[in-house]
Amino acid sequence: MTDQAREVVCRRLPGRTAVVTGAGSGIGLATARRLASEGANVVCADIDEEAGKAAAGDVGGLFVRVDVTDAEQVEALFAVAHDAYGCVDIAFNNAGISPPDDDSILTTGIDAWRRVQEVNLTSVYLCCKAALPYMQRQGRGSIINTASFVAVMGAATSQISYTASKGGVLAMSRELGVQFAREGIRVNALCPGPVNTPLLQELFAKDPERAARRLVHIPLGRFAEATEIAAAVAFLASDDSSFITGSEFLVDGGIAGAYVTPL
């Protein structure tokens with residue numbers, strides 16, 4: 001499907017404010033574009049100032065440079081969004097890393113373990129904690145936390161801290177989705193399969209054999225495009241998903257449902 005064919009024809013988010021972390025590239029950038037196209041005011045957060053500013057310029061939004069592992073910076077991010085637009089309706093807590101030194105449990109050092117946990121899991125805790133009070137006062141909100149299909153499946157080609165962090169994101173999202181449901185706040189864990197992003201390209205360029213081992217397990221026979229994940233985020237952000245909370249929202253090309261894939 002061409003980019004032109006993917007053009008958004010509906011506007012489900014007019015006037016709503018969305019905060020997107022990791023907005024400078026990959027899923028974050030595609031989602032910032034999608035949410036903006038549906039009418040949202042988008043606050044683009046990233047630690048990479050150049051990429052983040054470019055994303056904000058692309059979507060006509062605001063850029064905030066944020067280290068998502070720093071509680072004060074995260075609190076300031078959501079304050080900026082609220083001060084600029086008067087509300088915080090959507091939080092897409094998406095920032096994450098998958099460094100090469102996160103591998104088998106037998107070879108992954110404690111420093112690598114902790115760094116991945118901080119960026120992938122603690123940051124989601126901090127972002128949810130910062131966003132929720134605004135949503136409580138409004139009586140509405142949608143939080144979408146990026147987990148992964150590895151939160152529900154095991155892999156022999158392990159990235160042990162990444163996998164554990166995404167399992168934590170899934171469990172935390174489920175609990176928050178239940179806890180705040182009657183306050184009009186929905187919290188869901190987005191669980192993408194492998195996505196054709198710079199992060200995945202870099203990982204697999206270093207190990208083509210690992211890429212081939214993973215691709216064979218995808219029933220659709222390809223990696224996802226970031227725009228396809230962004231479409232799922234837009235759905236979870238919108239009122240079209242008003243009865244969905246505490247879910248593990250799989251967008252994985254059928255991986256989690258597969259036993260034997262097509263030849």
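- A donor-acceptor pair shorter than 3.5 Å can be found between the side chains of Ser173 and Asn145.
- The environment of Phe235 atom CZ is dense: over 12 non-hydrogen atoms of other residues, nucleotides or ligands sit within 6.0 angstrom.
- Rounding to the nearest 0.5 angstrom, the gap separating the CE atom in Met153 from the CG atom in Leu250 is 9.5 Å.
- Contact record, Gly26 with Ala226: O-CB, 3.8 Å, taken as the closest heavy-atom pair.
- Between Ile160 and Asp103 there is no side-chain heavy-atom pair separated by less than 4.5 Å.
- No side-chain donor-acceptor contact under 3.5 Å links Glu248 to the backbone of Leu190.
- Residues Phe149 and Ile244 do not share a hydrophobic cluster, defined by chaining ILVMFWY side chains whose heavy atoms lie under 4.5 Å apart.
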Where do Cys128 and Leu176 land on the side chain to side chain contact (heavy atoms under 4.5 Å, CB included) test, with the steps shown first?
-> CA-CA 9 Å; Cys128 289; Leu176 295 178; 3.8 Å; yes
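- Taken together through direct or relayed side-chain contacts under 4.5 Å among Ile, Leu, Val, Met, Phe, Trp and Tyr, Val43 and Val68 form part of one hydrophobic cluster.
- Taken from CZ in Phe249 to CD1 in Ile144, the straight-line distance is 10.0 Å, to the nearest 0.5 Å.
- In the displayed structure, Glu175 atom CD is contacted under 6.0 Å by at most 12 heavy atoms of other residues, nucleotides or ligands.
- Taken from OG1 in Thr146 to NZ in Lys166, the straight-line distance is 6.0 Å, to the nearest 0.5 Å.
- You'll find the side chain of Thr107 reaches within 4.5 Å of the side chain of Ser104, heavy atoms only.
- Looking at heavy atoms from C-beta onward, Asp252 lies out of side-chain contact with Cys191 at the 4.5 angstrom threshold.
- The shortest distance between side-chain heavy atoms of Glu228 and Val195 does not fall below 4.5 Å.
- Under the 4.5 Å side-chain criterion, counting only non-hydrogen atoms from C-beta, Ile90 is not in contact with Thr17.
- Among the candidates Arg16, Arg186, Arg12, the single residue satisfying the salt bridge (Lys or Arg N to Asp or Glu O under 4.0 Å) test with Asp239 is Arg16.
- Between the OG atom in Ser161 and the CD atom in Glu118 there is a gap of 10.0 Å [rounded to 0.5 Å].
- For the pairing with Ser165, the side chain to side chain contact (heavy atoms under 4.5 Å, CB included) check across Asn120, Thr122, Asp102, Leu170 returns one residue only, Asn120.
- The shortest heavy-atom contact between Ala234 and Arg34 is CB-CG, 3.8 Å.
- Here the straight-line distance linking atom CZ of Phe92 with atom OG1 of Thr31 works out to 4.0 Å at 0.5 Å rounding.
- Other residues, nucleotides and ligands place more than 12 heavy atoms under 6.0 Å from the CZ atom of Arg137.
- Annotation: side chain of Val74 is not in contact with side chain of Ser123 (no heavy-atom distance under 4.5 Å).
- Ser247 and Asn188 share a donor-acceptor pair across their side chains, judged by distance under 3.5 Å alone.
- Judged purely by atom type and a 3.5 angstrom limit, Thr69 has no side-chain atom pairing as donor or acceptor with the backbone of Val119.
- Residue Ile105 qualifies as open at atom CD1: its count of foreign heavy atoms under 6.0 Å is 12 or below.
- Both Tyr125 and Leu121 are members of a single hydrophobic cluster when ILVMFWY side chains are connected at heavy-atom separations under 4.5 Å.
- Taking all atoms of both residues into account, the shortest heavy-atom contact from Ala224 to Ile229 is CB-CD1, 4.1 Å.
- Going from atom CG of Leu236 over to atom CD1 of Ile143 covers 12.5 Å, rounded to the nearest 0.5 Å.
- Between Pro194 and Ile218, the shortest heavy-atom contact is CG-CD1, 4.1 Å.
- Cluster annotation: Val19 and Ile185 are assigned to the same hydrophobic cluster (Ile/Leu/Val/Met/Phe/Trp/Tyr, side-chain heavy-atom contacts under 4.5 Å, transitive).
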Do Gln159 and Thr163 pass the side chain to side chain donor-acceptor pair (under 3.5 Å) test, and can you show the C-alpha distance, the side-chain angles, and the key distance before you say yes or no?
-> CA-CA 6 Å; Gln159 299 159 271; Thr163 297; 5.9 Å; no
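- Nearest heavy-atom pair across Cys127 and Asn93 is CB-OD1, 3.2 Å.
- Between the side chain of Gln73 and the main chain of Asp67, a donor-acceptor pair closer than 3.5 Å is present.
- Residues Phe78 and His82 have side chains not in contact (no heavy-atom distance under 4.5 Å, counting atoms from C-beta outward).
- Between Ala164 and Gln117, the closest heavy-atom pair is CB-NE2, 3.8 Å.
- A 4.5 Å side-chain heavy-atom check between Arg65 and Phe63 finds at least one atom pair inside the cut-off.
- Both Val187 and Met135 belong to a single network of hydrophobic side chains, linked directly or stepwise wherever heavy atoms of I, L, V, M, F, W or Y lie under 4.5 Å apart.
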